[in-house]
There are 2 protein chains.
Amino acid sequence: MSLPHAVLTSLLEKATSGYDLARRFDKSIGYFWHATHQQIYRELARMEAAGWIAAFVPPDAGKTRKKHYRVLPAGRQELARWALEPTAPMDLRDAFTVKLRADAVLDEIDLVPELERHLALHQAQLAHYQRIEAQDFPPGQPLPRAQAIQHLILKRGMLYEQAQIAWGREMLVLLGDQNT
Amino acid sequence: MSLPHAVLTSLLEKATSGYDLARRFDKSIGYFWHATHQQIYRELARMEAAGWIAAFVPPDAGKTRKKHYRVLPAGRQELARWALEPTAPMDLRDAFTVKLRADAVLDEIDLVPELERHLALHQAQLAHYQRIEAQDFPPGQPLPRAQAIQHLILKRGMLYEQAQIAWGREMLVLLGDQNT
DNA sequence: TGCTCCATGTAACACGTTACATGATTGC
DNA sequence: GCAATCATGTAACGTGTTACATGGAGCA
């Protein structure tokens, strides 16, 4: 149960609206914690009820319904509490690997197109990360602590994609060889 | 929605009971598709109702309640259908990365112990994979297709753990440096 | 007798997904 | 005027988690 904590973190980085948070969960924080806009609205309502966050009308609201949220001391405290509590490493639910095992046992399906599709997606994601790195972390400068952490998180994403790509190519050779 | 397909795959690899499947989901197939025993029993009931699998009393049942399941043609067909359908790459929900970002913004918590704990877990998992490799895939022999796929899947798990470990050590240096 | 493991489940609840609803603002 | 985007939500449903229940088998 870390969605509320991911939202708190995101709000601390920048107080904003549910709509905007939802878009942030399609990039940035969403790269390692996925959530839909409905989950976010629900969680915001709960956290407001719990006194962790409070809504306010932003200066640029005009006549819109827009609401921003800021983190209250109780929310900050809860985030710190949770951060120190041990949590399990992420458990994986990777459909493609299931498919591979299905292929190994069925021996009658061609996963090459799907693998190629995934390879392309991983390459696109890697390229995306590299663009972010070029923009936000120009080389040669020593970074303050917070920035250095953000940079290493980004690097982890890149490592992950690179590993997926390297492995995927090996797998492609194996699947291709035996198909022809 | 790939849990039923993971179960079908596992049953094709070896027809067995819900209890045994649950244990298999704590290792083997569970390394990349996690599920609890309640999910498995529920899914078995559904798939039996759908005509994808059928229960039978195994020869060694004695007076126990033990039931085994085998995959029916409809189940095999469904698995093949699903395997060819495009599915999204796994989306990540990694609590530790959320904690790191929380640390970056709160700047008042010490994640070193939690990181060390995770590092130890990744090292243990890697060692476990290496034992499996030594046992099941002795070097130097060309493997049949199905085995070669299984081996590459295992290698992917090892790559993943190695990447986590290498990255974790870098992160440890960063967090440690700035704590002292 | 009491303990652990085998084996299958029910129930309740929390979390995640999909579909739909509503209305205001911005740009063409 | 119309379409796209901003912005917030409701409802229904499906999946995943936690707690508990039940009873047999094997063993000290």
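Atoms considered below: every heavy atom in the structure, side chains included; atoms not considered: hydrogens, waters and symmetry mates. Numbered from 1 within each chain, the chains take letters A, B, ... in sequence-line order.
- Between B:Phe137 and B:His151, the two ring planes are parallel [angle under 30°; tilted spans 30° to 60°].
- In this structure, A:Tyr41 reaches the D:dT8 phosphate: one of its side-chain N or O atoms is under 4.0 Å from OP1 or OP2.
- Put simply, the residue from B:Glu116, B:His122, B:Glu114 that forms a side-chain hydrogen bond (donor to acceptor under 3.5 Å, both in side chains) with B:His118 is B:Glu114.
- Salt bridge status for A:Asp26 with A:Arg23: absent, with no side-chain N to carboxylate O gap under 4.0 Å.
- Atom CG of A:Asp91 is separated from atom P of C:dC15 by 15 Å (rounded to the nearest Å).
- In this structure, B:Glu43 places its CD atom 16 Å from C1' of C:dT8, rounding to the nearest Å.
- Among the protein residues, A:Thr64 comes within range of the sugar-phosphate backbone only, with heavy atoms under 4.0 Å from sugar or phosphate atoms but none that close to a base.
- Residue A:Arg42 places no side-chain N or O under 4.0 Å from the OP1 or OP2 atom of D:dT10.
- The separation between B:Phe25 atom CZ and C:dA7 atom P is 17 Å, rounded to whole Å.
- The side chain of A:Arg93 places no N or O atom within less than 4.0 Å of a non-bridging phosphate oxygen (OP1 or OP2) of D:dT15.
- A close approach under 4.0 Å does not occur between any side-chain nitrogen or oxygen of A:Lys66 and OP1 or OP2 of C:dA24.
- Spacing between atom CG of A:Leu3 and atom P of D:dG16 amounts to 16 Å, rounded to whole angstrom units.
- If you measure from atom NE2 of A:His68 to atom C1' of D:dT8, you get 13 Å, rounded to the nearest angstrom.
- Nearest-nucleotide assignment on DNA chain C puts the 5′-proximal partner with B:Asp20, out of A:Trp33 and B:Asp20.
- You won't find any donor-acceptor pair under 3.5 Å spanning the side chain of B:His34 and the base of D:dG16, going by distance alone.
- Applying the 4.0 Å criterion to OP1 and OP2 of C:dC15, one finds that A:Gln39 has every side-chain N and O outside that range.
- Rounded to a whole Å, the CG atom of B:Asp60 is 12 Å from the C1' atom of C:dA7.
- Contact annotation: A:Tyr19 side-chain N/O to D:dT8 OP1/OP2 distance is not under 4.0 Å.
- Following rounding to the nearest Å, B:Leu92 (CG) and C:dG16 (P) show an atom-to-atom distance of 14 Å.
- Between B:Ile40 atom CD1 and C:dA7 atom P the separation is 14 Å, expressed in whole Å.
- In this model, no donor atom of one side chain and acceptor atom of the other lie less than 3.5 Å apart for B:Thr16 and B:Arg70.
- Listed nucleotides D:dA7, C:dT8, C:dT17 differ in distance to A:Arg65; the shortest reach to its side chain belongs to D:dA7.
- Dashed line: the shortest gap from a side-chain N or O of A:Ser17 to OP1 or OP2 of D:dT8 is under 4.0 Å.
- Contact between the side-chain N/O atoms of B:Gln38 and the OP1/OP2 oxygens of C:dT10 is not found at any separation under 4.0 Å.
- Taking the six-membered ring where the residue is Trp, B:His5 and B:Trp82 present parallel rings, their angle staying beneath 30° rather than reaching 60°.
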